[in-house]
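Down below is the structure, laid out as structure tokens.
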Amino acid sequence: MSEQKKSLPFVYQFMAGAVAGVSEILVMYPLDMVKTVMQLQVSGGSGPQYKGVFDCLKQIAAKEGPRRLYKGISSPILMEAPKRATKFACNDEFQKIYKNLFGVDKLTQPLSILSGASAGICESFVVVPFELVKIRLQDVSSKFTSPVAVVKDIVQKEGILAMYNGLESTMWRHGVWNAGYFGIIFQVRALLPTAHTKSQQTRNDLIAGTVGGTIGSMLSTPFDVVKSRIQNTAVVAGVARKYNWSWPSLGTIYKEEGFKALYKGFVPKVLRLGPGGGILLVVFTGVMDFFRTIHEGK
């Protein structure tokens with residue numbers, strides 16, 4: 001990720017991304033639960049209506065207990081290692097590819113954005129089935145008790161290909177988020193004072209990752225709302241789906257619920273992925289530094 005440090009083989013990047021992803025999800029998962037629940041809430045519809053993040057947390061905990069805030073975590077835990085590993089490893093590889101393609105020695109912000117978007121699209125293919133299961137479990141009206149029960153129900157009623165329901169919207173979400181995240185990280189790092197110590201590097205990574213996660217969330221939230229609606233809609237033969245493709249679904253939500261509905265769940269999302277983006281970058285950089293000492297010591 002840093003121009004001053006020698007790049008490590010793909011396997012090290014993959015393992016560092018996995019450790020970073022699991023660390024982030026263990027700390028921030030309840031906010032992901034709140035984000036999904038708020039995104040699935042249709043304005044004026046039936047079911048609970050939440051006034052904000054803390055009201056949603058309070059209602060969920062009061063109705064079903066604090067453990068409900070961690071319902072479905074097994075799916076993202078299984079997902080986080082390959083997801084984050086793919087994100088960071090592919091981003092690093094695409095940086096190399098694009099630098100060679102455009103004939104430049106140093107990374108630029110446009111290439112950071114392009115590399116991030118490309119890594120996000122690759123990441124989408126890994127996460128879609130896990131995200132689908134997680135959202136079906138997180139829905140407040142869900143009757144499922146485990147990820148296995150969700151998978152069996154989807155395969156039996158909708159077919160095996162339905163496990164990739166929402167792929168197109170996920171590609172938009174991850175492409176946009178990663179473009180913003182890595183593009184902003186590049187710019188913020190350039191503006192921050194040069195790090196001469198480990199603590200200064202951690203500070204810079206935390207700031208850059210948090211700002212990157214915040215901007216990425218601002219850009220990608222509408223696609224995240226659409227993705228949640230699409231993945232929570234079962235595929236029924238002969239029945240037209242209300243939410244299917246990203247851009248028409250954006251139009252439907254805007255027309256029926258207004259612009260604000262496109263940013264449902266934004267506050268818990270940014271509260272999670274702002275600091276979460278910082279945690280990701282700090283842990284990833286730290287683990288990569290650890291692997292670097294091992295690799296160079298061989």
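- N204 contributes no side-chain N or O that, together with a main-chain N or O of T194, makes up a donor-acceptor pair within less than 3.5 Å.
- Qualifying side chain to side chain contact (heavy atoms under 4.5 Å, CB included) partners for P268, counting only residues two or more places apart in sequence or in other chains: L31, V34, K35, M38, V53.
- The shortest heavy-atom contact between P82 and F14 is CA-CZ, 4.3 Å.
- Looking only at side-chain heavy atoms (C-beta outward), I253 and R229 come within less than 4.5 Å of each other.
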CA sep, side-chain torsions, deciding dist, call: K227, I135, side-chain contact (heavy atoms from CB on, under 4.5 Å): CA-CA 10 Å; K227 183 197 73 68; I135 285 172; 3.1 Å; yes
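- Hydrophobic cluster membership is shared by V225 and F259, with clusters built from Ile, Leu, Val, Met, Phe, Trp and Tyr side chains linked at under 4.5 angstrom.
- Interatomic distance, CD1 of I184 versus OG1 of T210, reported as 13.0 Å (0.5 Å rounding).
- Taking all atoms of both residues into account, the shortest heavy-atom contact from V270 to P275 is O-CD, 3.5 Å.
- The neighbour count for M15 CE, taken as heavy atoms of other residues, nucleotides or ligands under 6.0 Å away, is above 12.
- Cluster annotation: V176 and V128 are assigned to distinct hydrophobic clusters (Ile/Leu/Val/Met/Phe/Trp/Tyr, side-chain heavy-atom contacts under 4.5 Å, transitive).
- The side-chain heavy atoms of N178 and K87, taken from C-beta on, include a pair separated by under 4.5 Å.
- Under the 4.0 Å criterion applied to side-chain N and carboxylate O atoms, R173 and E131 are assigned as salt-bridge partners.
- Note that CZ of R272 is 9.5 Å distant from CD1 of I279, once rounded to the nearest 0.5 Å.
- E158 and R136 are joined by a salt bridge, as a carboxylate oxygen and a charged side-chain nitrogen come within less than 4.0 angstrom of each other.
- Residues V19 and F284 fail the side-chain proximity criterion, which asks for heavy atoms closer than 4.5 Å.
- At least one side-chain heavy atom of Q13 sits under 4.5 Å from a side-chain heavy atom of E93.
- Looking only at side-chain heavy atoms (C-beta outward), Y243 and V226 stay at 4.5 Å or farther from each other.
- When side chains are defined from C-beta on, F102 counts as touching L114, because their heavy atoms get closer than 4.5 Å.
- The two residues F182 and G116 come nearest to each other via the heavy atoms CD1-CA, 3.8 Å.
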Intermediate values then yes/no, salt bridge (Lys or Arg N to Asp or Glu O under 4.0 Å), K198 and D289: CA-CA 10 Å; K198 181 65 177 176; D289 287 342; 3.1 Å; yes
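- Atom CE of M33 and atom CG of L57 lie 10.0 Å apart (nearest 0.5 Å).
- Listed for the Q200 side chain is a donor-acceptor partner under 3.5 Å among the backbone atoms of T197.
- Under the 4.5 Å side-chain heavy-atom criterion for grouping Ile, Leu, Val, Met, Phe, Trp and Tyr, F290 is connected to M288 within one hydrophobic cluster.
- Remark: L167 CG to Q231 CD distance equals 9.5 Å, nearest 0.5 Å.
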Residues L281, L206; criterion side-chain contact (heavy atoms from CB on, under 4.5 Å); working and verdict: CA-CA 7 Å; L281 191 58; L206 188 60; over 6 Å; no
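- Side-chain contact between Q201 and H196 is absent, with no heavy-atom pair separated by less than 4.5 Å.
- Among all heavy-atom pairs drawn from G166 and I230, the shortest one is CA-CG2, 3.8 Å.
- Using a 4.5 Å cut-off between side-chain heavy atoms of Ile, Leu, Val, Met, Phe, Trp and Tyr, V133 falls into a hydrophobic cluster with L132, L137, F144, V150, V151, I154, V155, I160, L161, M163.
- Between H174 and K83 the shortest side-chain heavy-atom distance falls below 4.5 Å.
- Residues Y164 and T170 bring no donor and acceptor atom of their side chains to less than 3.5 Å of each other.
- Of the N and O atoms on the side chains of N165 and R241, at least one donor lies less than 3.5 Å from an acceptor on the other residue.
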Derivation of the salt bridge (Lys or Arg N to Asp or Glu O under 4.0 Å) call for D105 and K99: CA-CA 6 Å; D105 295 325; K99 283 191 290 185; over 6 Å; no
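- Note that the OG1 atom of T252 and the CG atom of N244 stand 10.5 Å from one another [nearest 0.5 Å].
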side-chain contact (heavy atoms from CB on, under 4.5 Å) between Q109 and F186, intermediate numbers included: CA-CA 6 Å; Q109 187 175 31; F186 177 88; 3.7 Å; yes
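- Side chains of S115 and Q95: a donor-acceptor N/O pair is absent below 3.5 angstrom, by distance only.
- A perpendicular orientation is assigned to the rings of F266 and Y263, their planes being inclined by more than 60° (bins at 30° and 60°).
- Ring pair W247/F223 is perpendicular by interplanar angle, where above 60° counts as perpendicular and below 30° as parallel.
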Criterion side-chain contact (heavy atoms from CB on, under 4.5 Å) on L262 and T221, from CA distance to verdict: CA-CA 7 Å; L262 297 174; T221 295; over 6 Å; no
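- A donor-acceptor pair shorter than 3.5 Å cannot be found between the side chains of K152 and Q156.
- The minimum heavy-atom distance between G183 and S112, with the atom names listed, is CA-CB, 4.1 Å.
- At a threshold of 4.5 Å between side-chain heavy atoms, the hydrophobic network of Ile, Leu, Val, Met, Phe, Trp and Tyr places Y12 and V282 in two separate groups.
- There is a side-chain donor-acceptor pair under 3.5 Å between D205 and T285.
- By the criterion of side-chain heavy atoms lying less than 4.5 angstrom apart, applied directly or through intervening Ile, Leu, Val, Met, Phe, Trp or Tyr residues, F291 is grouped together with V283 in one hydrophobic cluster.
- Between V37 and C56, the closest heavy-atom pair is CG1-SG, 4.0 Å.
- With rounding to the nearest 0.5 angstrom, the OG1 atom of T214 is 10.5 Å from the OH atom of Y181.
- Taking the charged nitrogens against the carboxylate oxygens, K58 and D55 have no contact shorter than 4.0 Å, which rules out a salt bridge.
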